There are 2 protein chains.
Amino acid sequence: MSRRPSPTRDPRGIPEATVARLPLYLRALTGMAERGIATVSSEDLATAAGVNSAKLRKDLSHLGSYGTRGVGYEVEYLVYQISRELGLTQDWAVAIVGVGNLGRALANYGGFVSRGFRVAALLDADPEVVGDTIAGLNVDHIDELEAVIKRRGVSIVVLATPAAAAQQVCDRVVAAGVTSILNFAPVVLSVPDGVEVRKVDLSIELQILAFHEQRKADRESGGPVMAVESQ
Amino acid sequence: MSRRPSPTRDPRGIPEATVARLPLYLRALTGMAERGIATVSSEDLATAAGVNSAKLRKDLSHLGSYGTRGVGYEVEYLVYQISRELGLTQDWAVAIVGVGNLGRALANYGGFVSRGFRVAALLDADPEVVGDTIAGLNVDHIDELEAVIKRRGVSIVVLATPAAAAQQVCDRVVAAGVTSILNFAPVVLSVPDGVEVRKVDLSIELQILAFHEQRKADRESGGPVMAVESQ
DNA sequence: GCGACTTTGTGCGTCGGTTCACAAAGGGAT
DNA sequence: ATCCCTTTGTGAACCGACGCACAAAGTCGC
């Protein structure tokens, strides 16, 4: 299903890995623009973004041919092109569901709303917090979910609920027509095709770090003696 | 440098992609254990974790041969094996640097400390918050960074500082001997080899969602009609 | 004790992504 | 106007990861 022709790539089909890096390039570029830098080479931009320069050039080549050989890329122009490609020239109404510690932090997080995004609604089930004003926004009751989504044109929902509530809220959000979800709850959400879920899981990140940390510790103590291990 | 023999894989060399999924399996398994499930098939566990069953079996096979053909995996035993592999049988002291909205949320986040992790220190530069008690922990001044890390045996640092301070704090943390960092600041940290940095970037996740959202919108409106665009 | 059934562990083809290395393209100096 | 120098854009080899499909292995019922 939805097989791709494969030999000829869809001209607008930007690889997922590239999409994930474009925001990185954008951030580096806006920093440069603010410092008054007019043009930049792939080498310099790659260094600033922490990637390989060949990768950067290939990534940018998927958007079009926006560089000038022998010179580099015009910073302002590239900022515009990447912004447009990422859909940041329009602004997106974001709703945050779950106003616990994390939801509150997200609502107040400045860089979050930086470019193209606007927190348009806060929702929670706890009567204790409903009606409160956080980051200049009133907290609505979760019963209003569907109405709020429609009325304020919310197209991206951030889930910061307890794990137990996440799937249920997710279902309602999807039923209300939302197709982009950023999930902070530690559960695997199941959604129909066509709905994009991205997951941020602090606990998993820590566990991955612990794995590598343990590995290093093992290598140091038992390593040199029984120097087996990948040799 | 550090070339791998490649044909014969290091027996302890677990693929990075696998490591990233182990915490997912672990979470599903602990849930099952709590519900009193004794054994589970790769099919069921895979469904619970939201992955393909072949992938799950291959992942687990990297840890050893812990299943029984015709039966499945013993839940408790597998929990132990994965925990051990991830290094969760010991506990890790974590320091959170930057006690703004996000740092505060992290300090209070329950699931964060779930298994094997313990928030051992909070640090900040702002005299206003230094001395406060958050989540039962005193906030120390950033000047104490090196001393606190040594004294409390911190091996993982969470950076929740403003972007401008992140690299500087990172350098100090690394100089103090820490080799595992979880970075929430929207900057590309540069660290020496051997230091593991994982990055959580809310803004980037949103931008990726916006890209796909715009794509869907394009496809619906202009897609079928003027399907040209770069053709 | 044996046969049928279930489920694991894995060999192998495939695919997306990364990197190298270079030809093509443009700018600036003379 | 021409040549040299810089930097882009990309062909092609390489590499890890994914998923199919199946043989090996072990259990349960009779």
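Note that the structure is predicted; figures quoted are calculated from it, not measured. Just so it is clear: chains get the letters A, B, ... in the order the sequence lines come, proteins before strands, and each one is counted from 1.
Counting to the nearest Å, the P atom of D:dT8 and the CG atom of A:Leu56 are 8 Å from each other. B:Leu60 has its CG atom 13 Å from the C1' atom of C:dT7, to the nearest Å. Rounding to whole angstrom units, CG of residue A:Leu78 and C1' of D:dT8 are separated by 13 Å. One can place CG of B:Leu63 at 15 Å from P of C:dT8, the figure rounded to the nearest angstrom. Distance, A:His62 NE2 to D:dG11 C1': 13 Å, rounded to whole Å. For the pair A:Lys55 NZ and D:dT10 C1', the interatomic distance rounds to 17 Å; values are reported in whole Å. Atom CZ in A:Arg57 sits about 13 Å away from atom P in C:dA21, given to the nearest Å. Atom CD in A:Gln81 sits about 12 Å away from atom P in D:dG9, given to the nearest Å.
In this structure a side-chain-to-backbone donor-acceptor pair under 3.5 Å is present from A:Gln214 to B:Arg84. In this structure, the side chain of A:Thr47 engages the main chain of A:Glu43 through a donor-acceptor pair within 3.5 Å. Between the B:Trp92 side chain and the A:Glu213 main chain, no donor and acceptor come within less than 3.5 Å of each other.
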Output field dot_bracket for DNA chain D (Watson-Crick or G-U, both distances under 3.5 Å, | for other-strand pairs) contains ||||||||||||||||||||||||||||||
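A heavy atom closer than 4.0 Å to some atom of DNA chain D occurs in no member of residues 20-40 of chain A.
Below the 3.5 angstrom threshold, one finds no donor paired with an acceptor across the side chain of A:Lys58 and the base of C:dG17.
As judged by a 4.0 angstrom heavy-atom cut-off over every strand, B:Ala54 is placed among the base-contacting residues. Within the 4.0 angstrom heavy-atom criterion, no nucleotide atom of any strand lies near B:Ser53. As judged by a 4.0 angstrom heavy-atom cut-off over every strand, B:Thr18 is placed among residues making no nucleic acid contact.
Under the 6.0 Å cut-off for aromatic ring centres, A:Tyr73 and A:Tyr66 do not qualify, their centroids lying 6.0 Å or more apart.
When the salt bridge (charged side-chain N to carboxylate O under 4.0 Å, His left out) test is applied to B:Asp171, no partner is found at least two apart in sequence or on another chain. For A:Asp201, the salt bridge (charged side-chain N to carboxylate O under 4.0 Å, His left out) criterion is met by A:Lys199, B:Arg27, not counting sequence neighbours. Qualifying salt bridge (charged side-chain N to carboxylate O under 4.0 Å, His left out) partners for B:Glu196, counting only residues two or more places apart in sequence or in other chains: none.
Listed pair A:Tyr73 / D:dG9 meets the phosphate criterion, a side-chain N or O lying under 4.0 Å from OP1 or OP2. For the OP1/OP2 pair of D:dA17 and a distance below 4.0 Å, the side-chain nitrogens and oxygens of B:Asn52 include no atom meeting the criterion. Side-chain nitrogen and oxygen atoms of A:Ser42 include at least one within less than 4.0 Å of the OP1 or OP2 phosphate oxygen of D:dT8.
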Going 5' to 3' through nucleotides 24-30 of chain D and flagging B where a protein heavy-atom sits under 4.0 Å of the base, S where only the sugar-phosphate is that close, and - otherwise, we get BBSS---
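For the 3.5 Å distance criterion, the side chains of A:Gln81 and A:Tyr77 qualify, holding a donor opposite an acceptor.
Put simply, the side chain of A:Arg198 does not reach to within 4.5 Å of the side chain of A:Asn183, judged on heavy atoms. A 4.5 Å side-chain heavy-atom check between B:Leu29 and B:Leu45 finds at least one atom pair inside the cut-off. The shortest distance between side-chain heavy atoms of A:Phe117 and A:Leu88 falls below 4.5 Å.
Contact detail for B:Ile204 and A:Pro23: the closest heavy-atom pair is CG1-CB, 3.7 Å.
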